[in-house]
Each structure stands twice: as C-alpha cells, then as structure tokens.
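The next block holds one structure in the form of structure tokens; read it before the comments.
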Protein chains: 2
Amino acid sequence: MMAMKSTRIVKEIKDRGFKITPQRQLVAEALEGNKTHPTVEDLYKEVAKIAPTISVATIYKTLNELVEIGAIQRLDVGDRKAHFDPDTTPHNHFVCLRCGTIYDIPETGKVNEIPELPDFKVLRSQTIYYGYCKKCKG
Amino acid sequence: MMAMKSTRIVKEIKDRGFKITPQRQLVAEALEGNKTHPTVEDLYKEVAKIAPTISVATIYKTLNELVEIGAIQRLDVGDRKAHFDPDTTPHNHFVCLRCGTIYDIPETGKVNEIPELPDFKVLRSQTIYYGYCKKCKG
DNA sequence: ATCTCTGCAAAAAATTTGCACAAGG
DNA sequence: CCTTGTGCAAATTTTTTGCAGAGAT
C-alpha cells in the first residue's frame with residue numbers, strides 16, 4: 001500500500017466515482033501544482049520512476065479521464081503533442097518558438113473576456129501567445 | 001500545361017523563390033479564400049480530384065513551406081489534426097465541440113490586443129473559443 | 001548539367017483499442 | 001463473483017524522411 005496523499009485532482013476522481021488506484025494516484029500527484037505543462041511522455045517518465053511497470057496506455061487513459069471530468073485541461077500549442085495543465089482557472093499561455101517552453105500568463109481581464117457571439121454558446125476560451133522568451137530573445 | 005491562376009498565395013511562393021509547380025499551384029488554389037480550415041486529408045482529397053497521382057507527402061511538404069513563408073497559418077484546435085487557414089490577418093476561431101466545425105470570429109480589438117509582457121517578445125497571438133454552434137446548441 | 005521538386009514507400013511519432021488477467025469491493 | 005482498471009501488444013492515425021527519378025532552367 002502506498003501513501004495516499006489527497007490532492008485536489010484525487011478528490012475530483014473520487015467525486016466522479018472513479019477508483020483511486022496507485023496509477024491514478026501517481027498521475028494525479030505528478031500533475032498537481034505542476035507548472036511545466038508536461039506531455040504524455042514527460043508524465044510517463046515521471047511516474048515510471050516510482051511505478052516502473054506502468055504502461056503508456058494507462059497514462060493516456062487516465063489523462064483522457066481527467067480531461068473529461070474537467071480536473072485538468074489539454075493544451076495544444078502546435079508541436080503536435082498534447083500538453084496537460086492542472087490549472088483549469090482562466091489564464092493564458094506563452095509558447096517560446098525557440099525553446100518550446102510554455103509559460104503561464106495571468107489573465108488580463110480584457111483578453112479573457114468572452115465576447116457575445118450571437119450564433120454560438122461559448123463555454124471557454126484559450127489564448128496562446130507565440131514569440132521568444134527571456135532566455136531565447138537575446 | 002494548366003491554367004495558372006495567380007492567387008495571393010502563388011505570388012508569395014514566387015516571391016520566396018520557390019517554383020510554381022502544378023502541385024503547389026493546386027494546393028494554393030485549394031486554400032485561397034478557403035474558410036473551412038481544412039486538414040491535410042481534406043486538401044489531399046480536394047487536390048487529388050484534379051491531380052490523382054499527387055502524394056500526401058507533397059501536400060505535407062507544400063503546406064509546411066507555406067506556413068514557413070507565412071503565406072498561410074497552421075491551426076491546432078485540439079483534435080490532433082493540423083488545420084490550415086489562408087487568412088493570416090488577426091482574427092480568432094470558434095470550435096464547435098459537437099460537430100467540430102471551425103468558424104472565423106472577427107477580432108474584437110480587445111481580445112487581439114497583445115499585452116506588454118516584460119520577459120517576452122510576443123510575435124503573435126491566437127484565441128480559440130470552444131462551445132456549441134447554432135446548428136448544435138439546440 | 002544542375003538544381004529543385006515529386007512520388008513512393010518506409011519510418012517515426014502520437015494515440016487508441018482489444019483483450020486477458022489482476023485487484024478490490 | 002462482478003465490476004473496474006491495468007498492462008501488453010497490436011492497430012490506427014498523423015506526420016516526416018530518404019531516395020531515385022522527373023522536370024525545368
């Protein structure tokens with residue numbers, strides 16, 4: 001039996017009636033508070049340190065569940081890999097075109113305002129800025 | 001020899017010193033003024049009607065070139081397929097979560113404003129709205 | 001001739017699926 | 001037991017790459 005830290009994500013898994021398995025626990029812990037916007041591979045490597053027999057398929061399944069229940073969000077920045085963000089509150093992202101790092105950008109109020117679009121029911125929005133970060137623009 | 005319509009995209013290909021081949025001409029024509037945000041497959045099918053021997057690899061190569069020279073833009077909306085948009089002027093997109101249709105949303109001024117981010121050199125931004133379109137929200 | 005571009009096929013990368021078995025109520 | 005979840009492997013899907021030959025100056 002492993003130590004069962006009860007994180008926010010773990011709680012959301014429970015609330016939705018999913019079982020807390022060691023695998024889900026580890027994926028949840030790897031994501032909780034994680035600001036690096038990891039890919040599936042990143043998370044797989046991270047979790048595999050502790051549970052070396054876990055399979056990538058389980059990571060994919062778990063992540064898809066977490067996205068479906070709204071515990072985390074998927075982030076597509078154009079590198080053809082899914083990134084995952086445990087922060088589901090309104091905020092934006094900056095992607096460095098040179099090093100690929102994804103930074104959180106606090107919402108400005110203006111940008112995150114959802115305009116009234118007569119023919120659409122808008123549920124959420126997502127703004128991505130592209131450019132060069134401090135490390136790379138020099 | 002085919003009819004060589006000189007579209008904006010064709011012009012940008014020329015200006016960059018690339019040759020205007022029948023394949024590039026057809027991909028350019030398929031994109032010019034296209035508001036449907038087609039995928040590679042969409043474009044392949046479209047172009048293959050006229051040039052049945054064209055290969056998907058050529059479509060990919062052409063599209064990547066066009067994106068690199070800034071003649072068109074790549075659009076990632078979360079369905080794990082690249083979409084392409086010949087409109088490179090500032091505007092946003094709405095993605096219907098039910099039918100997957102991508103709609104153009106005119107810029108509001110507010111949303112497309114790029115905030116001053118001290119540690120970043122912002123080159124462009126991209127806002128995507130998610131929800132249900134008129135056809136699907138009923 | 002030379003340089004570029006295309007088509008084919010193979011490879012690579014990312015993600016999903018099917019199924020037998022394990023785990024836990 | 002019965003349901004749910006895992007791991008493995010295979011299958012799918014999307015995209016890239018290598019190379020020989022075609023085409024255009």
Side-chain angles (χ1 to χ4, degrees), chain A residues 1-2 4 9-10 12-28 30 37-45 47-69 71-72 74-84 100, chain B residues 1-2 4 9-10 12-28 30 37-69 71-84 100:
Chain A
M1 198 69 215
M2 57 188 325
M4 286 290 174
I9 297 171
V10 167
E12 293 200 44
I13 297 173
K14 272 183 199 155
D15 291 351
R16 280 304 188 108
F18 289 105
K19 288 183 186 169
I20 304 297
T21 64
Q23 291 84 347
R24 284 180 184 153
Q25 176 79 28
L26 289 169
V27 173
H37 312 90
T39 62
V40 172
E41 207 197 337
D42 296 334
L43 290 165
Y44 176 60
K45 283 185 190 157
V47 170
K49 287 181 194 164
I50 300 157
T53 64
I54 200 170
S55 79
V56 206
T58 298
I59 306 277
Y60 271 102
K61 284 170 190 165
T62 304
L63 289 170
N64 287 341
E65 286 161 8
L66 292 178
V67 170
E68 261 166 45
I69 69 176
I72 64 173
R74 178 191 303 267
L75 190 59
D76 287 272
V77 300
D79 61 357
R80 267 141 277 137
K81 290 181 233 182
H83 294 257
F84 296 88
Chain B
M1 200 64 212
M2 55 188 324
M4 285 290 174
I9 297 171
V10 167
E12 293 199 44
I13 298 172
K14 272 184 199 153
D15 290 352
R16 279 305 189 104
F18 288 105
K19 289 183 186 168
I20 305 296
T21 64
Q23 291 84 346
R24 284 180 183 154
Q25 176 80 26
L26 288 169
V27 172
H37 311 90
T39 62
V40 173
E41 208 197 336
D42 295 336
L43 290 165
Y44 176 59
K45 284 185 189 158
E46 180 69 20
V47 170
K49 287 181 195 165
I50 301 157
T53 65
I54 199 170
S55 79
V56 206
T58 299
I59 305 279
Y60 272 102
K61 284 169 189 165
T62 304
L63 289 170
N64 287 341
E65 286 162 7
L66 292 177
V67 170
E68 261 166 45
I69 69 176
I72 64 173
Q73 69 167 138
R74 179 190 303 267
L75 189 58
D76 286 273
V77 300
D79 61 356
R80 267 139 279 140
K81 289 181 234 182
H83 294 257
F84 296 88

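Just so it is clear: chains get the letters A, B, ... in the order the sequence lines come, proteins before strands, and each one is counted from 1. Heavy atoms only: backbone and side chains are in, while hydrogens, waters and symmetry mates are out.
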| request: Using whole Å, report how far CD of B/Gln25 lies from C1' of C/dC5. | output: 15 Å
| Step-by-step side chain to side chain contact (heavy atoms under 4.5 Å, CB included) determination, B/Leu66 to B/Phe84 | CA-CA 10 Å; B/Leu66 292 177; B/Phe84 296 88; over 6 Å; no
| task | Check the distance between D/dT4's P and A/Ile13's CD1 and give it to me in whole angstrom. | result | 16 Å
| message | Please list all pairs meeting salt bridge (charged side-chain N to carboxylate O under 4.0 Å, His left out) that have one or both residues in residues 41-58 of chain B, counting only residues at least two apart or in different chains. | response | B/Glu41-B/Lys45, B/Glu46-B/Lys49
| message | For a quick test of reading the model, state the closest non-hydrogen atom pair linking A/Leu43 to A/Ala30 and the distance between them. | response | CD2-CB, 3.9 Å
| task | Please list, chain by chain and in numerical order, all residues satisfying side chain to side chain contact (heavy atoms under 4.5 Å, CB included) with A/Asn64, sequence neighbours excluded. | result | A/Arg74
| Which sits closer to the 5' end of DNA chain D, A/Gly17 or B/Asp76, going by the nucleotide each is nearest to? | A/Gly17
| request: Would you mind reading off the distance between A/Ile20 atom CD1 and C/dA23 atom C1', rounded to a whole angstrom? | output: 15 Å
| query | Rounded to whole angstrom units, what separation is found between the CG atom of B/Leu43 and the C1' atom of D/dT15? | reply | 15 Å
| Between atom CZ in B/Phe18 and atom C1' in D/dA24, what is the gap in whole Å? | 16 Å
| message | From the set D/dG23, D/dT6, D/dT3, return the single nucleotide nearest to any side-chain atom of A/Lys19. | response | D/dT3
| Can you check whether A/Thr53 has a side-chain N or O nearer than 4.0 Å to OP1 or OP2 of D/dG7? | yes
| Can we say A/Glu68 and A/Arg16 salt-bridge, meaning some charged N sits less than 4.0 Å from an Asp/Glu carboxylate O? | no
| task | Please figure out whether B/Ile54 or A/Val40 has its closest DNA chain C nucleotide nearer the 5' end. | result | B/Ile54
| query | Between B/Arg24 (CZ) and D/dG23 (C1'), how many Å, whole number? | reply | 12 Å
| remark: On a heavy-atom basis, the closest approach of A/Glu12 and A/Ile69 is O-CD1, 3.7 Å
| Is A/Thr21 near enough to D/dG5 that one of its side-chain N or O atoms lies under 4.0 angstrom from OP1 or OP2? | no
| A/Asp76 versus A/Lys81, closest heavy-atom pair with distance | OD1-O, 4.5 Å
Is there any protein nitrogen or oxygen under 3.5 Å from a nitrogen or oxygen in nucleotides 17-20 of chain C, and what are the pairs?
| from | atom 1 | to | atom 2 | distance (Å) |
| --- | --- | --- | --- | --- |
| C/dG18 | O6 | A/Lys61 | NZ | 3.3 |

| request: Considering just the side-chain nitrogens and oxygens of A/Asn64, establish if one lies under 4.0 Å of OP1 or OP2 belonging to C/dT16. | output: yes
| query | Phosphate oxygens OP1/OP2 of D/dT15: is one of them under 4.0 Å from a side-chain N or O of B/Arg80? | reply | no
| Counting only side-chain N and O atoms of B/Ser55, is one of them less than 4.0 Å from OP1 or OP2 of C/dT6? | no
| According to a strict under-4.0 Å criterion, is B/Lys81 in side-chain N/O contact with OP1 or OP2 of D/dT14? | yes
| remark: Here the distance between atom P of D/dT16 and atom CG of A/Asp79, to the nearest Å, is 12 Å
| query | Rounded to whole angstroms, how far apart are CD on A/Glu68 and C1' on D/dG5? | reply | 15 Å
